[in-house]
Number of protein chains: 2
Amino acid sequence: MSTPTEAPQSATPGEDPIRIAQVEIRPTEGLAVVAGRAVPLSVREFELLSALASRSGHVVAREELFSSVWGGPLRRGDRSIDVYVHKVRQKLEAASPGWHFIHTHIGFGYRFSPEPAH
Amino acid sequence: MSTPTEAPQSATPGEDPIRIAQVEIRPTEGLAVVAGRAVPLSVREFELLSALASRSGHVVAREELFSSVWGGPLRRGDRSIDVYVHKVRQKLEAASPGWHFIHTHIGFGYRFSPEPAH
DNA sequence: CCGCCTGTGAAAGGCACGTGAACAACGGTG
DNA sequence: CACCGTTGTTCACGTGCCTTTCACAGGCGG
């Protein structure tokens, strides 16, 4: 079956597609394919998803997420991450109903891990 | 050079017909057939469609599209691609109403993939 | 009860793209 | 040579999307 990919995560969103369960991310195209469906993502949305998926199964701290995607220190009160997590969630779950992909860890950050809504 | 390590994709349209869903592209004839109807295309239009269709399902960057079809670096502010995508879209969708063929990926490029307008 | 944190809808501004039209370059025709 | 249809390029003006920010609501712990 599928051994949770323990690939040597490279900081830069490399050029090789990332595959996790029914999700495929193509860095060179800025395109995500979920359950066989092309999911149109904006630049920010795509970078956020990449940052999360490249560390699939691990909790990524808000500070780390922000510096990865927005490229700077996270200012107090900045809600950009929340807004974009929401947008990505919507699109992923619309493409694959009954599944959850991004999980919240209050006080820490977010974790990418495709799971049935059960 | 900037030749991507990929399949025998060539900037010049090959000689074998490309068939995707209801679309057939005949390089030797410079003709496209959509839903059984012959679609007359100019040289530029045909080359643009070929460049997109030869990578069906994948997002083709504006830069790459331009160098493939126009044969040079994409100048800042050049809207030729937009204009020709519009022309090709019109003709394809006129031949097969209710379907979309060329999808925009803002900030990246375009993707050829026949889909119901839904 | 009071803060802190996150979810979520919406407004504002900027920018990429959609689209109709004008213009120039050709080639064919009378 | 004058006229005309086609093609490719450029311009001008919307229009919708993207990003950021604000506002409000609910959950949880102290």
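Letters go in sequence order (proteins before strands), and every chain restarts at 1.
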Starting at atom [atom1] of [X], determine the distance to atom [atom2] of [N], rounded to an integer number of angstrom.
| X | N | atom1 | atom2 | answer |
| --- | --- | --- | --- | --- |
| B/Ile102 | C/dC17 | CD1 | C1' | 14 Å |
| B/Ile81 | C/dA16 | CD1 | C1' | 13 Å |
| A/Asp82 | C/dA10 | CG | P | 18 Å |
| A/Lys87 | C/dG7 | NZ | P | 15 Å |
| A/Tyr84 | C/dT8 | OH | P | 16 Å |

- [ ] Name the closest nucleotide to the B/Arg62 side chain, picking from C/dC17, C/dG7, C/dG9.
- [x]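 Side chain of B/Arg62 sits closest to C/dC17.
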[X] near the nucleic acid: base, sugar-phosphate alone, or nothing, with a heavy-atom cut-off under 4.0 Å?
| X | result |
| --- | --- |
| A/Arg76 | nothing |
| A/Tyr110 | sugar-phosphate |
| A/Val85 | nothing |
| B/Arg79 | base |
| A/Phe46 | nothing |

Non-hydrogen side-chain atoms of A/Arg111 and A/Val60 separated by less than 4.5 Å
no
Practice item. May I ask you to test the A/Trp99-A/Pro116 pair for a side-chain heavy-atom distance under 4.5 Å? Key: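 Side-chain contact under 4.5 Å: yes.
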**OP:** Give a yes or no on whether the backbone of A/Glu64 and the side-chain of A/Ser67 come within a donor-acceptor separation of less than 3.5 Å.
**Re:**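 Pair found, side chain donor or acceptor close to backbone of A/Glu64.
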message: Over 60° means perpendicular and under 30° means parallel, so tell me whether B/His100 and B/His103 are parallel, tilted or perpendicular.
response: perpendicular
Of B/Arg44 and A/Arg75, the one whose closest nucleotide on DNA chain D sits nearer the 5' end is B/Arg44
So that I can tick it off, tell me whether A/Asp82 and A/Arg62 are bridged by a salt bridge, with the cut-off set at under 4.0 angstrom between side-chain N and carboxylate O.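 Counted as a salt bridge, because a side-chain N and a carboxylate O are separated by less than 4.0 Å.
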| said: Looking at B/Arg26 and B/Asp16, is there a salt bridge between them, counting it only when a charged N and a carboxylate O are closer than 4.0 Å? | reply: no
Footprint ends on DNA chain D, 5' to 3', for atoms under 4.0 angstrom from a heavy atom of chain A, come out as D/dC18 to D/dA23
Pick the closest DNA chain C nucleotide for B/Gln90 and for B/Phe108 by heavy atoms, then say which residue is nearer the 5' end.
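Its nearest nucleotide being more 5', the pick is B/Phe108.
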Between B/Ile106 and B/His86, whichever has its closest DNA chain C nucleotide further toward 5' is B/Ile106
### Message
Quiz question: by atom type and distance under 3.5 Å, do the side chains of B/Arg89 and B/Thr104 form a donor-acceptor pair?
### Response
yes
